Amino acid sequence: HRDLHSFPTRRSSDLKQGKATSYGLEAEFNAYISDSLSLFINPTFTKFTYDEDISFQGSILDTKNRKKVDTPEITAKVGVIYSIYGFEFIPTLGYVGERYGDALGNEKIDAYWLSDLKVTYKKDNLFKGTTLKASLEINNIFDKQYVSVINASDDSRGGSASYYQGAPLNEMEERRVGKECRARWS
């Protein structure tokens, strides 16, 4: 994986069986609505296709100009950051577009949306320079079932790919109390 950082690139890669070309665009948009409210949108577009048919065990797979295995064209993350009285509320929506589990495009995996929520609290100078920070993160709020990883070779035929289910509804929490260290150089 290569970060594209908001500019299009074109790259060719040699595969064991043939060639594929990818190009894409990744962007970050932030809107600061007020001192306590901001919005972010991070879309990604990736075009990754086979340049030629793939030779496999003496036969030819018709892969020319087809999508590369496990590569959605569109992904995105959108959310809001709302800050008030030391709290930050960060609801997000993530999108992964449709993709395929095989090079011939027969095993279509549907697109999906996931909803997450993170809440943090930070209190400076709690006890003589110590800082309290606590956070709670709830992922996949609506317990959506989805395929997160496809393990398949470019030359695999239908039925030989492995599909891994994404994480169900889960939560993580973190609590920290500590001193902040600050250094100043002149």
Side-chain angles (χ1 to χ4, degrees), residues 1-31 38-81 90-118 137-172:
H1 173 69
R2 182 175 175 203
D3 278 334
L4 300 176
H5 295 298
S6 303
F7 58 89
T9 61
R10 187 167 172 86
R11 189 175 134 187
S12 234
S13 61
D14 288 324
L15 298 174
K16 187 169 59 170
Q17 303 84 5
K19 293 187 180 208
T21 299
S22 70
Y23 59 90
L25 177 69
E26 182 176 319
E28 288 185 22
F29 300 101
N30 295 295
S38 62
L39 169 71
F40 62 88
I41 301 171
N42 303 328
T44 301
F45 169 78
T46 304
K47 188 76 168 177
F48 199 177
T49 56
Y50 297 100
D51 293 338
E52 56 193 32
D53 291 338
I54 293 175
S55 173
F56 177 71
Q57 295 181 347
S59 61
I60 303 295
L61 295 179
D62 181 23
T63 56
K64 186 174 182 176
N65 298 322
R66 293 186 189 266
K67 284 184 179 181
K68 182 91 167 67
V69 173
D70 194 19
T71 306
E73 282 190 1
I74 305 290
T75 61
K77 190 159 197 169
V78 61
V80 173
I81 302 172
I90 310 168
T92 60
L93 285 174
Y95 174 79
V96 175
E98 72 180 30
R99 55 211 161 115
Y100 293 91
D102 69 315
L104 295 175
N106 295 325
E107 297 179 27
K108 181 180 169 188
I109 306 303
D110 291 332
Y112 62 88
W113 288 89
L114 293 179
S115 302
D116 302 328
L117 174 65
K118 183 174 184 178
E137 191 169 338
I138 304 170
N139 298 306
N140 195 1
I141 292 171
F142 300 108
D143 205 17
K144 172 82 174 163
Q145 290 188 353
Y146 62 100
V147 174
S148 65
V149 176
I150 302 170
N151 187 4
S153 300
D154 293 321
D155 59 5
S156 64
R157 302 220 180 222
S160 63
S162 299
Y163 298 91
Y164 297 93
Q165 182 175 341
L169 169 69
N170 64 83
E171 61 93 9
M172 296 178 282

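Being a predicted model, the structure only gives us computed values, none of them experimental.
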Worksheet entry | Close side-chain approach of Arg99 and Val147, heavy atoms under 4.5 Å | yes
Worksheet item: For Lys64, does its backbone N or O pair with a side-chain atom of Asp53 as donor and acceptor, under 3.5 Å?
Response: yes
Fill in: Heavy-atom side-chain proximity of Asn140 to Tyr146 below 4.5 angstrom
yes
Worksheet, complete the sentence: All heavy atoms of Val69 vs all of Ala103, minimum pair found to be CG2-N, 3.5 Å
Worksheet entry | Minimum side-chain heavy-atom gap Pro43-Tyr95 below 4.5 Å | no
Worksheet item: Rounded to the nearest 0.5 Å, how far apart are OG1 of Thr71 and OH of Tyr100?
Response: 12.0 Å
Fill in: Thr46 side chain to Tyr23 backbone, donor-acceptor under 3.5 Å
no
Worksheet item: When you look at Ile109 and Tyr163, which way does the side chain to side chain contact (heavy atoms under 4.5 Å, CB included) test go after all the steps?
Response: CA-CA 10 Å; Ile109 306 303; Tyr163 298 91; 3.4 Å; yes
Fill in: Spacing of Lys67 atom NZ and Lys108 atom NZ [to the nearest 0.5 Å]
8.5 Å
Worksheet item: Is there a donor-acceptor pair under 3.5 Å between the side chain of Asp102 and the backbone N or O of Glu107?
Response: yes
Fill in: Test applied, side chain to side chain contact (heavy atoms under 4.5 Å, CB included); reference residue, Ile141; option that passes from Leu114, Leu117, Thr92
Leu117
Worksheet, complete the sentence: CD1 (Ile54) and NZ (Lys19) are apart, to the nearest 0.5 Å, by 13.5 Å
